[in-house]
Structure formats: structure tokens, C-alpha cells
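Notes follow the structure.
Here is the naming used below: chain letters follow the sequence lines, and residue numbers restart at 1 for every chain.
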Amino acid sequence: MIANGAVADAPTSREEAWRYTPVAEIVARTGAVTAAMRAIATSVSRSVVDRLTGSHAGPRLVFVNGFYEAELSDHHDLPSGLWCGLAGAHHPPAVALAAETNNVRDIGGLFANNRTDGHDVAVVIADDGLRFDEPVHIVHVAVPDHRVARTSVISHPRTIIDVGKGSHLAVVETYCGLDGPTVTDTSTTIRIADRAELDHCRIQVESSAATHVGHTRVEQRESSRLRMTSITIGADIARNAIDVHLDEPDAHTELIGVNMTTGHQRHDTVVTVDHAASRCVSTQRFAGVVDDHGRGSFSGEIIVRPFTVATDAHQSNRNLVLDPNAEADTRPWLRILADDVRCTHGATVGRLDDDALFYLRSRGIALAAARTMLIDAFIRDITDAIAHESVRAHVAALVAATATGATANDTEERS
Amino acid sequence: MLHIANLHASVAGRTILDGVDLDIPTGEVHAIMGPNGSGKTTLSNVLTGREGYDVSGTVVFDGIDLLTLSPEDRAVAGVFLAFQHPVEIPGVGNMYFLRAAVNAVRSHRGLPELGAVEFLGLAKEHMARLEMDPAFLGRSVNAGFSGGEKKRNEILQMSMLEPRLAILDETDSGLDIDALRIVAQGIERLRRPDRSMLIITHHPRLLDDVCPDRVHVLSGGRIVRSGGHELAHELEAEGYGSTQVAVPA
């Protein structure tokens with residue numbers, strides 16, 4: 001029998017989209033795993049989840065190693081038109097969505113196991129015309145099994161979000177975990193119908209021994225809008241892939257993100273925006289902060305299909321390198337197959353501004369605090385883009401704690 | 001208060017300060033004038049701990065060997081530099097920055113840190129005197145400020161941090177007449193028997209408003225002439241020509 005988690009059709013780093021990712025290491029780790037079991041979930045309590053994710057208004061679905069935990073979840077008393085639950089619950093639209101998104105071809109290689117080995121599937125459905133401002137929070141906690149030392153527990157979280165015509169929805173996905181070796185292979189599929197709007201925030205703060213391979217696929221219909229903020233702080237090796245398909249005209253998408261590495265962390269962000277219809281507008285705005293021996297990469301692809309018109313596509317990637325041993329890689333990848341296109345892209349890699357650092361210190365602010373201020377300032381426009389206040393405050397605290405090198409449990413005051 | 005003896009500074013082997021000797025007694029205001037490239041800005045950088053210089057000599061401030069301290073330790077000990085070119089720091093709020101600075105200095109002096117509300121009240125008081133719009137507090141540090149606004153922001157920081165030694169590096173440069181008046185009044189107001197100031201300037205204009213106790217001419221990395229405040233006007237009439245010395249190779 002193939003070991004649970006073994007990858008039949010793994011990608012290699014020769015493939016463009018996997019160029020910066022330590023694929024061999026990931027494949028090795030996914031091969032040496034033990035399947036998640038519900039039994040090891042008992043160490044997770046409500047207060048642990050609150051500590052790891054912040055406590056926000058709105059419904060919450062909590063999964064531990066891919067298993068739904070009713071005790072930790074809270075998604076009752078929802079307004080009519082909003083449904084949150086599991087694909088297997090006897091809710092025909094949820095079952096249908098799960099079947100529709102079962103196509104392994106769309107996710108490929110490493111992610112195929114998400115479909116074959118995954119357990120509970122989170123489903124969020126906003127009916128046509130719904131307007132719901134509180135974020136729906138989907139939390140995945142990766143918990144190692146200390147009975148099997150040095151063997152990772154693997155889980156395959158899967159989330160489906162369906163935003164009906166003309167509706168407005170906010171979703172937060174948090175990937176967090178307890179200390180110890182875990183492998184998380186996630187898949188999120190999102191469909192945003194005509195004139196609908198989704199505000200989405202993805203926060204990855206897994207433990208320092210974790211491996212995280214994430215894939216988010218978005219399909220946007222006519223005149224829909226997406227704003228997605230992606231915060232990558234945790235895990236030892238993390239890859240965050242976002243594919244947005246602008247399938248119908250006049251769709252807008254804004255992808256914003258930051259990754260922060262320290263120690264020997266590896267973070268790869270791989271974004272594709274596919275303009276398959278006319279008059280769509282896309283923005284990619286990503287920032288990286290690499291410290292110590294960390295490595296961060298950003299690959300941003302823009303595809304503009306033939307016969308589309310009036311495409312507006314923008315991409316920027318800024319990187320702050322805090323240590324001579326750290327590395328930031330950035331790669332724009334534009335495939336423009338139409339003529340009527342406005343496309344811009346830019347990338348920077350720089351250090352902390354010595355003049356600014358001296359200015360702050362000359363006013364009595366200690367070196368460490370001055371560095372934190374400047375790191376915080378570098379990514380402030382990314383974190384400020386998070387619409388929901390308590391989520392924004394939670395992320396700001398995570399980022400500030402990471403910038404000070406403190407543990408994520410301490411919060412740093414910001415103006 | 002400040003005793004500088006035989007201060008040398010070089011960058012990449014090039015000598016910029018070549019044996020500066022200067023004493024500023026407590027409560028006195030001294031001005032340093034000098035041609036471009038004479039080492040004025042280097043002197044202020046070296047006194048405040050900017051990295052990148054090879055420094056030797058003696059700088060004693062209130063009995064402390066200043067050259068061994070980090071920039072932040074010099075600041076909390078009471079040394080303040082008003083920058084010739086205040087740095088723009090987008091993303092760092094002016095109020096957040098100012099409060100962090102004020103509280104760093106306060107905690108060094110054994111005073112309780114100021115809360116947000118107390119700080120805001122104090123800042124508004126100081127800003128009113130400098131005719132600054134309180135909206136400045138909500139902006140990023142110096143980002144998008146006009147030249148005059150940046151200089152006023154320096155004076156605001158100086159008045160809030162209450163230094164024992166204030167070094168003003170060409171604070172008057174680039175100011176129009178109104179801004180110059182406000183800055184000069186700000187400096188004059190901060191003159192106290194227990195506070196010394198070192199004003200670095202090109203123009204005697206500021207020295208009409210802020211009457212210094214002593215004027216020094218820095219040239220070729222050394223103090224080549226010292227006198228009362230009338231020296232400023234002599235220099236205006238005669239230029240630096242007679243005082244310049246060659247920089248040694």
C-alpha cells in the first residue's frame with residue numbers, strides 16, 4: 001500500500017510554478033507521515049483556538065487536522081441566505097458544490113491527495129442577494145501526534161465558498177497549529193457570481209515545524225469583485241498558490257499579501273491571474289520581509305487571453321531583506337496574448353533605510369524598536385487593507401510580534 | 001557641558017574633521033559657520049552617533065564619554081539633533097513616533113510614560129506655539145511635508161524632548177521669512193540656563209534673531225576662528241576667504 005500522503009504525480013522544481021519551492025523536501029515530508037486521526041484532537045480547546053486565531057464576530061467553523069469540531073465551532077443563528085457547514089451534511093447545494101470541485105485536474109500533482117485523502121469539507125454558501133458583513137471564519141488547526149515522534153501528521157483541509165449573484169460576503173481562513181511536525185495540504189475553491197463581492201483573508205500562522213502547501217482557486221463571473229489578503233507568517237516551509245480566473249467581463253480582483261520569514265523558513269507565493277474575458281481589472285500587491293536565513297519568493301503571473309479587450313492588470317512586489325543571509329526572489333511572468341491591454345509590473349528588493357533608522361534612534365528610540373517601526377511601516381498598507389476591524393487588529397498584532405521577533409502571543413501596540 | 005578636543009573623523013580614508021576643539025558651557029548658545037564642505041554636517045553626525053565615520057578624539061558631555069554611546073543612548077542622555085534634511089518615513093505615524101521618543105526620554109529620566117491622551121494634549125500645546133496644524137500628528141513622519149513643515153517638525157520634537165544640548169544643523173536653510181521667524185522664535189523660547197545649543201548655519205540672518213554667545217568658523221575640518229556674535233556679520237561682509245585653510249591630504 002502506498003504510504004498515506006505519498007504523492008503519485010509530484011511536481012518538480014523544473015516546472016516554472018514550482019521553481020523556488022523546495023519540492024523534494026516537501027515530497028519527502030509528505031511521504032513520511034501518519035494519517036490524521038480524530039483522537040489526537042482532544043488537546044485543542046476553545047481558548048486555544050481563540051489564542052491562535054483571535055476572536056472575531058461572525059460564524060466560525062473549526063477543523064482539527066481536517067476533522068470538523070462541533071464543540072469548537074459556532075455557526076448557528078445565521079441569517080437566511082447564508083449556509084455554513086460540511087459537504088456531507090444533507091444540504092444538496094453543498095453536496096453538489098463538492099462534486100463540482102472534485103476535478104483533480106484543476107489542482108494537479110501535489111494537491112490530488114487533498115481530494116483522495118481529505119476528510120470534512122467546509123462549505124460556505126451565500127445565496128443571491130445576501131449581504132452579510134461579519135466575516136465567516138474557517139479555522140484549520142494542525143495538531144502533531146507526540147506519540148509518533150519525528151513523524152508528521154498530515155491533513156488535507158478543503159474549503160468551498162460560493163458567493164451568489166449580487167451578494168456580499170466576507171470570509172477569513174486561518175491555518176494555525178500546535179508545536180510539532182505537521183503537513184497541511186489545503187485546497188480552497190471559490191466562485192463569485194455576477195455582481196457579487198467577496199472580501200477574503202487568508203492567514204497562515206502554523207508552528208515552526210509545520211509544512212504548508214496551499215492552493216486557492218477562484219472563478220469570477222461578470223462584474224464580480226474579489227479582495228483577497230494573504231498573510232503568510234508561519235510554518236517551516238510554506239507555499240501559497242492563488243489562481244484567479246476572470247472568466248466573464250468586468251470582473252475586478254485585488255490580491256494583496258505579505259510573507260515574513262525568519263530562522264530558516266521558506267515561503268513561496270505563486271499567483272496567477274487569468275484574464276479570459278474583457279474589461280477586467282486585476283491588481284497584485286505583495287510584500288516580503290525576509291530575516292535571518294529565511295527565503296521568500298513571489299512569482300506573479302498575468303495571463304491575458306486572445307480576443308479580450310480593455311484589460312487592466314497591475315502587479316507589484318516589494319521586498320525587505322533584513323539580514324545578509326536572507327534571500328528574496330521575485331519574478332513577474334506576463335503572458336499577454338491580446339493587444340488592448342494596460343499592464344504594469346514592478347519589483348523591488350531593498351534593505352531598511354539607514355537614514356530612517358538613524359533618525360528614529362537619534363530621538364531616543366532603541367535600535368530594536370526602531371527596526372520594528374520601519375518593518376511595520378513597510379507592510380502597513382498591506383495589513384491596513386483588511387476590511388474587518390478585529391481581523392485587521394489581529395493581523396497587525398501578529399505582524400508586529402513577528403517583526404519584533406517575539407512570540408505571536410504577545411501583542412504590540414500600534415497607533 | 002560639552003567639551004570637544006582634537007576630534008578627528010574620516011570616511012573611507014578621507015579626513016573630514018581634522019582636530020576640532022570646542023567647549024560649550026552650560027546655558028550658552030554657540031554658532032558654527034563655515035563654507036560648504038568644511039565638515040559642519042559631519043560634526044553634527046559624529047556628535048549624535050551616526051555610523052560610517054572613523055572617529056578619534058574626545059567628546060565629553062555632562063561628564064559622559066559621548067563617543068562610546070549609541071545614538072539612542074546619546075538622545076536619552078539629552079543630546080538632540082535637528083536635521084538639515086529631516087528624513088521622510090512613510091508608514092510611521094508622526095504621533096506614534098513622537099510619543100515613542102518622548103517616552104523613551106522620559107523613562108530614562110525616571111518619569112512615568114505618557115498615555116495617549118496626556119501625550120496628545122501636550123503635543124497640541126507645543127504645536128500651537130509653533131503654529132502647526134494638529135493634523136500633522138495624523139500623518140506619517142515628514143512624509144510629503146514641505147521644507148518649512150519639516151523644519152517646524154524638528155523644532156516641535158526638540159521642544160517636546162527637552163534636550164540638554166540641542167544641535168541645529170542648518171535649520172534655517174530653505175525657509176521663507178515667515179517660517180524662519182517661527183523657527184527662530186521656537187529656538188529662542190527653548191533657550192534656558194541649563195540648556196546649551198550649537199547652531200550650524202550658513203546665514204547670519206538666523207543669528208540676528210537668535211543671538212549666539214559665541215560664533216566659530218569651521219574650515220578644513222578645524223575651528224579656525226572664534227568670536228562674539230559680531231563675527232557673523234564680519235563674515236557676511238568679508239566671506240570665508242580669509243579664514244579658509246586647505247584640507248590636508
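- Using a 4.5 Å cut-off between heavy atoms, A/Ile379 makes no contact with chain B at all.
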Query raised in the report: Given the rule in the side chain to side chain contact (heavy atoms under 4.5 Å, CB included) test, do A/Glu206 and A/His212 qualify, once you have shown the distances and angles that lead to the verdict?
Result: CA-CA 8 Å; A/Glu206 290 179 0; A/His212 181 95; 2.9 Å; yes
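- Using a 4.5 Å cut-off between heavy atoms, B/Pro163 makes no contact with chain A at all.
- If you look at B/Phe119 and B/Tyr96, their ring centroids are not closer than 6.0 Å.
- Partners of B/Lys40 under the side chain to side chain donor-acceptor pair (under 3.5 Å) rule, at least two apart in sequence or in another chain, do not exist in this structure.
- With respect to the salt-bridge test (charged N to carboxylate O, under 4.0 angstrom), the residues A/Arg342 and A/Asp312 qualify.
- Within the 4.5 angstrom heavy-atom criterion, only side-chain atoms of B/Asn142, from C-beta onward, approach chain A.
- If you measure heavy-atom distances from B/Val92 to chain A, the contacts under 4.5 Å come from both the backbone and the side chain.
- Options B/Glu88, B/Glu154, B/Arg74, B/His85 differ in how many heavy-atom pairs under 4.5 Å they form with chain A, and the most are formed by B/Glu154.
- Side-chain N or O atoms of A/Gln265 include one that pairs as donor or acceptor with a backbone N or O of A/Ala235 at under 3.5 Å.
- Listed options B/Asp73, B/Asn45, B/Leu81, B/Val102 were ranked by heavy-atom pairs under 4.5 angstrom with chain A; first place goes to B/Leu81.
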